[in-house]
Amino acid sequence: MSVKKCARDDLINVARTSLRTKVKNTVADLLTEIVVDALLAIKKEGEPLDLHMVEIMTMEHKTEMDTKLVKGLVMDHGARHPDMPKKVSDAFILTCNISLEYEKSEVNSGFFYKSADEREKLVKAE
C-alpha cells in the first residue's frame, strides 16, 4: 500500500469520526470522502493548507444528501435577461474579481460657483 493511499485512508477515518459527532451518520458517511477529497485537491506540497480555497455553497431546495464535490468552478449567477438562452455550447467564460455591473458612487460631489468668471476658472482648472 502506498504512503499516499495510507494517508488518505487515515484522513478518511479522522474525518468520519469527527463528522459523526456533528451530523447524522448517513450524512457523515456522505461528507467524509467529499471533505477529504476537497482538502487533497487544494493541498500543495510544502505549503500550509489554504482553507479559503474551499467554498461551501448552500443551494436552496436541496437536501444534505444532494451534497457533492465540484472540482472546478461553480458559476452561481443565473440569467440576466429573460430572453437569454438556458444552455450554451462551446462558450467562452470570463471570470474576474470585479463587478461589471453599474454601481452608484458613494461620493456625492459637485462644483459650486457664484459667477460666470468662477465657472470659467473651474473649467480651465479641470
Side-chain angles (χ1 to χ4, degrees):
M1 184 180 283
S2 71
V3 174
K4 187 173 183 179
K5 179 70 174 162
C6 181
R8 184 175 189 280
D9 289 342
D10 292 341
L11 290 172
I12 286 175
N13 289 334
V14 170
R16 181 178 294 116
T17 301
S18 177
L19 285 168
R20 283 186 172 186
T21 65
K22 311 283 186 258
V23 295
K24 292 185 254 178
N25 286 352
T26 54
V27 178
D29 292 341
L30 172 71
L31 292 178
T32 297
E33 290 201 24
I34 292 173
V35 168
V36 171
D37 289 342
L39 293 179
L40 290 176
I42 63 166
K43 175 70 178 127
K44 294 180 182 175
E45 199 63 39
E47 294 182 25
L49 269 176
D50 182 6
L51 294 179
H52 294 290
M53 294 295 293
V54 176
E55 182 173 351
I56 299 172
M57 297 179 66
T58 304
M59 306 303 285
E60 291 183 24
H61 310 297
K62 298 286 184 177
T63 69
E64 63 269 5
M65 295 308 289
D66 294 320
T67 300
K68 61 182 162 183
L69 173 64
V70 176
K71 294 181 180 180
L73 185 66
V74 176
M75 307 296 284
D76 64 346
H77 250 297
R80 288 302 194 198
H81 190 274
D83 293 335
M84 287 179 76
K86 302 291 183 216
K87 184 177 181 179
V88 178
S89 299
D90 298 324
F92 291 95
I93 299 174
L94 168 70
T95 60
C96 54
N97 253 355
I98 60 169
S99 174
L100 299 176
E101 298 173 351
Y102 173 76
E103 295 178 11
K104 187 176 177 181
S105 173
E106 294 181 17
V107 177
N108 293 325
S109 61
F111 292 105
F112 300 101
Y113 47 88
K114 295 178 185 171
S115 66
D117 290 336
E118 283 185 27
R119 181 186 177 280
E120 289 303 316
K121 286 180 186 176
L122 285 172
V123 169
K124 286 181 184 177
E126 187 66 22

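Under the salt bridge (Lys or Arg N to Asp or Glu O under 4.0 Å) criterion, no residue pair touches residues 39-49, with sequence neighbours excluded.
With hydrogens and angles ignored, the 3.5 Å screen pairs a side-chain donor or acceptor of Thr32 with a backbone N or O of Ala28.
Taken to the nearest 0.5 Å, the NZ atom of Lys22 stands 11.0 Å off from the OG1 atom of Thr17. The NZ atom of Lys121 sits 7.5 Å away from atom OG of Ser115, with the distance rounded to the nearest 0.5 Å.
In this structure, the side chain to side chain contact (heavy atoms under 4.5 Å, CB included) partners of Asp29, at least two apart in sequence or on a different chain, are Arg16, Arg20. For Leu30, the side chain to side chain contact (heavy atoms under 4.5 Å, CB included) partners are Ile34, Met65, Thr67, not counting sequence neighbours. For Lys62, the side chain to side chain contact (heavy atoms under 4.5 Å, CB included) partners are Met59, Asp66, not counting sequence neighbours. By the salt bridge (Lys or Arg N to Asp or Glu O under 4.0 Å) test, Glu64 is found to be paired with Lys24, residues two or more places apart in sequence or in another chain being considered. In this view, Glu33 and Arg8 satisfy the salt bridge (Lys or Arg N to Asp or Glu O under 4.0 Å) rule, not counting sequence neighbours. Judged as a side chain to side chain contact (heavy atoms under 4.5 Å, CB included), and not counting sequence neighbours, the contacts of Val123 are Arg119.
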Start with the C-alpha distance between Leu11 and Leu40, add both sets of side-chain angles, then the distance that settles side-chain contact (heavy atoms from CB on, under 4.5 Å), and finish with yes or no.
-> CA-CA 10 Å; Leu11 290 172; Leu40 290 176; 4.0 Å; yes

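In this structure, the side chains of Ile12 and Val35 stay at 4.5 Å or more apart for every pair of heavy atoms.
For the residue pair Leu49 and Leu39, the shortest heavy atom distance occurs at CD2-O, 3.8 Å. In terms of heavy-atom proximity, Ala38 sits nearest to Val54 at O-CG2, 4.2 Å.
In the hydrophobic clustering of ILVMFWY residues, with side-chain heavy atoms under 4.5 Å counting as a link, Leu51 and Met53 come out together.
Of the residues listed (Leu31, Val36, Asp37), the one engaging Leu69 in a side chain to side chain contact (heavy atoms under 4.5 Å, CB included) is Asp37, and it is the only one.
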